[in-house]
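Just so you know, residue 1 is the first one in the sequence shown, and it goes up from there.
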Amino acid sequence: MNPTTKRKTAAFLSRNVIVLSIVSFFTDIATEMLYPIMPLYLSDIGYGVILIGLIEGLSQLAAGVIKLISGVYSDQLKKRKGLVNAGYHISALAKPLMGLFPTYWAIFGFRLIDRFGKGVRNAPRDAMLADASTPVTRGRVFGFHRAADTLGATLGPLITLAILYFYSENIPLIIGLTIIPGIGAIVAGWFLKEAKDKTELPTAEKGGLKGLYRRLKTHYAGASPSYKRILYLITIITLLKSTDIYLLLRARELGLSDLLIISAYVAYNLTGTVIIYYLGSLSDRIGFAKTFAIGALSLGATYMLLSQNELPLILVFAAFVIYAVFQSVFEGLTSAWMSLHIKQEERASGLGVMMTFQAVATLVGTLIIGFAWAGFGAKIVFAITGLLAVGVAAYLFFYQQRDYNSTTDFGRKPYVVDVKALTIENENFRTAIWTGAQLQVTTMSIPVGGEVGLEVHKNIDQFLRIEEGEALVLMGPREDELTFQQPAATDYAIMVPSGMFHNVVNTGSKPLKIYSIYAPAEHPYGTVHKTADDADRAELTELLEDDD
């Protein structure tokens with residue numbers, strides 16, 4: 001290894017994460033320009049709550065089936081970028097076409113096409129986000145992406161409010177203007193990068209839908225018990241949530257004007273923009289189960305509030321703000337949680353299965369709530385659903401689920417080990433043995449004549465201890481100014497301040513055995529580099545991805 005080779009400090013925001021966030025930002029501007037007005041518009045022209053819910057449920061079901069197919073073929077074809085961009089293109093073009101054909105069935109048809117586009121893109125997109133993250137940064141990556149998405153969802157209804165105010169509720173104009181952010185999403189998608197170094201995947205099966213069904217059946221049968229448990233939990237929550245449209249219709253039933261309803265929807269999206277990244281970061285610290293418990297509790301509180309027949313305006317707005325906590329967790333972090341329990345080569349397929357379960361649950365939930373609303377009234381429906389959501393929250397608070405399953409990295413759980421023996425026994429250049437939110441421990445074996453490699457950690461302090469061998473320690477403020485040089489041997493400890501270039505060279509006659517502590521973590525959870533060349537390749541890949 002060249003001693004002047006610098007290693008980089010890992011960052012969680014890669015090129016694809018940023019580009020996907022920008023694409024979602026523009027897409028959600030267009031989507032949310034329309035979403036809050038469509039159920040109100042359909043209600044005005046005579047469609048009841050059952051039919052509105054049925055239309056939304058069927059649209060989501062169609063999207064869910066497409067998500068499943070798209071996810072499977074994303075894995076089979078080893079491609080994600082093409083499907084992601086195709087999905088965004090379809091949605092960007094479908095929305096403005098509603099304005100050219102302003103009949104109910106045309107609107108419904110183009111809504112289906114829009115959801116078809118969503119189905120094509122979602123599973124491969126979430127797989128790309130998961131591929132660009134590690135288990136200990138996944139919540140932050142998905143949280144950042146969701147924050148950009150929700151910022152667009154905040155601007156969309158604000159634009160709608162302005163048009164309604166200045167142009168006398170010109171809905172066709174609102175629909176037509178969605179082409180502008182749609183083009184922004186299309187252009188941004190061109191800058192996505194398909195990973196060059198892909199995991200070997202099975203050859204795509206033949207046999208059309210039968211082959212697809214066989215692959216899905218095999219995938220589900222081989223899925224881990226933890227994947228299935230989380231899948232069932234997510235499905236139950238989706239069943240309770242059903243569709244946001246019912247919240248908008250309930251707000252109108254409580255006496256809010258259309259402008260106030262859209263204003264409440266803006267407050268909901270703005271809240272989500274502010275809190276989603278924090279919730280993603282929180283899930284990295286306390287785990288996804290407890291974060292989802294907070295979300296389910298928020299869902300319960302929202303429904304219990306809206307179950308009241310007389311509610312002051314401020315409390316209706318409060319219900320939408322509380323609901324934003326639930327949606328931020330549920331929409332922003334569901335794929336992040338699930339992806340921890342799917343093999344990389346099956347990630348899009350696994351997410352597609354989850355999204356199909358969600359789509360079916362959405363259809364069933366909208367029908368149940370729609371018929372119950374028509375038969376018993378909104379008060380009873382919202383009260384019962386709220387109580388069930390609180391019950392799910394209580395279960396999740398006590399739910400024990402390990403989201404990290406490396407056989408060498410025991411991070412995020414109590415761990416006691418003879419670190420000297422483990423370090424001496426380690427034969428790999430680097431093995432992460434415990435990766436937490438704020439600290440990481442690795443063991444290293446440096447061959448005779450080898451070295452750790454010149455590196456610098458901008459925001460990380462490092463401690464190293466030599467358990468066996470002899471070394472020369474070099475440090476300095478610049479890579480060409482390593483003015484600190486000191487020999488070290490067995491039982492010596494080395495402290496490296498953040499921002500300091502450093503290297504450790506094996507000067508002995510046998511492998512140098514070291515364990516290292518980073519605060520906070522430097523390497524991905526579960527890292528194993530068998531040789532220094534493996535470490536260089538892994539870190540060079542990250543550098544190239546960030547530079548492109």
Side-chain angles (χ1 to χ4, degrees), residues 135-143 146-147 150 223-242 244 247 268 271-272 274-307 318-342 351 354 357-358 361-362 365 369 381-405 410-415 435-438 525:
V136 294
T137 64
R138 193 144 299 162
R140 279 172 286 168
V141 165
F142 277 82
R146 181 64 183 175
T150 311
S224 67
S226 61
Y227 170 88
K228 293 177 181 177
R229 282 194 294 270
I230 298 171
L231 177 64
Y232 301 148
L233 278 169
I234 296 301
T235 302
I236 291 170
I237 295 173
T238 306
L239 191 66
L240 294 176
K241 168 191 175 290
S242 65
D244 300 348
L247 270 69
Y268 148 74
T271 303
V274 172
I275 66 173
I276 178 57
Y277 176 75
Y278 170 76
L279 290 169
S281 179
L282 181 68
S283 70
D284 286 336
R285 297 197 303 271
I286 69 173
F288 284 98
K290 288 183 173 57
T291 306
F292 270 72
I294 295 170
L297 190 61
S298 301
L299 177 64
T302 300
Y303 278 31
M304 294 299 289
L305 266 176
L306 294 178
S307 70
F320 275 81
V321 169
I322 294 170
Y323 186 69
V325 177
F326 163 73
Q327 275 292 73
S328 296
V329 172
F330 189 71
E331 293 290 336
L333 302 177
T334 298
S335 292
W337 189 14
M338 185 64 79
S339 67
L340 291 172
H341 302 276
I342 310 171
L351 293 176
M354 177 199 73
F357 270 67
Q358 286 183 284
T362 297
I369 291 179
V381 171
F382 276 78
I384 292 175
T385 307
L387 287 173
L388 290 172
V390 171
V392 172
Y395 174 79
L396 284 167
F397 270 119
F398 297 101
Y399 180 74
Q400 297 295 321
Q401 175 66 57
R402 179 164 169 77
D403 289 328
Y404 307 96
N405 56 5
F410 299 90
R412 298 304 181 93
K413 71 174 184 179
Y415 183 55
T435 304
Q438 304 298 331
Y525 167 86

Original post:
Considering residues, nucleotides and ligands other than Y278, do more than 12 of their heavy atoms fall under 6.0 Å from its OH?
Top reply: no
**OP:** Identify which one of V329, L282, L396 satisfies the side chain to side chain contact (heavy atoms under 4.5 Å, CB included) criterion when paired with I294.
**Re:** L282
Original post:
From F320 CZ over to L306 CG, what is the distance, rounded to the nearest 0.5 angstrom?
Top reply: 6.5 Å
Subject >> Heavy-atom donor-acceptor pair, T302 side chain to Y323 backbone, under 3.5 Å >> reply: yes
Subject >> Between CZ on residue F382 and OG1 on residue T385, distance to nearest 0.5 Å >> reply: 7.5 Å
Subject >> From CG (L279) to OG (S298), nearest 0.5 Å >> reply: 8.5 Å
Subject >> Shortest non-hydrogen contact from S328 toward G272 >> reply: OG-CA, 3.4 Å
Original post:
Do you know which two heavy atoms are closest between S307 and A383, and how far apart they sit?
Top reply: CB-N, 3.5 Å
**OP:** Classify the ring geometry between W337 and F292 as parallel (under 30°), tilted (30 to 60°) or perpendicular (over 60°).
**Re:** tilted
Subject >> Which atom of A324 lies closest to which atom of Y268, heavy atoms considered >> reply: CB-O, 3.2 Å
Subject >> Heavy-atom side-chain proximity of L387 to M304 below 4.5 angstrom >> reply: yes
Original post:
Got a second to check how far L233's CG is from T238's OG1, nearest 0.5 Å?
Top reply: 10.5 Å
Subject >> Minimum heavy-atom distance between A361 and L239, given as atom pair plus value >> reply: O-CD1, 3.5 Å
Subject >> Rounded distance [0.5 Å steps], CD1 in I234 versus OG1 in T334 >> reply: 4.5 Å
**OP:** Not counting sequence neighbours, which residues clear side chain to side chain donor-acceptor pair (under 3.5 Å) with Y303? List them please.
**Re:** none
Subject >> Separation between CD1 of I236 and CG of L231, rounded to the nearest 0.5 Å >> reply: 10.0 Å
Original post:
Would you call K241 and E331 a side-chain contact if the rule is heavy atoms closer than 4.5 Å?
Top reply: yes
**OP:** Check A301 against I322 and note the closest heavy-atom contact, atom names and distance.
**Re:** CB-CG2, 4.0 Å
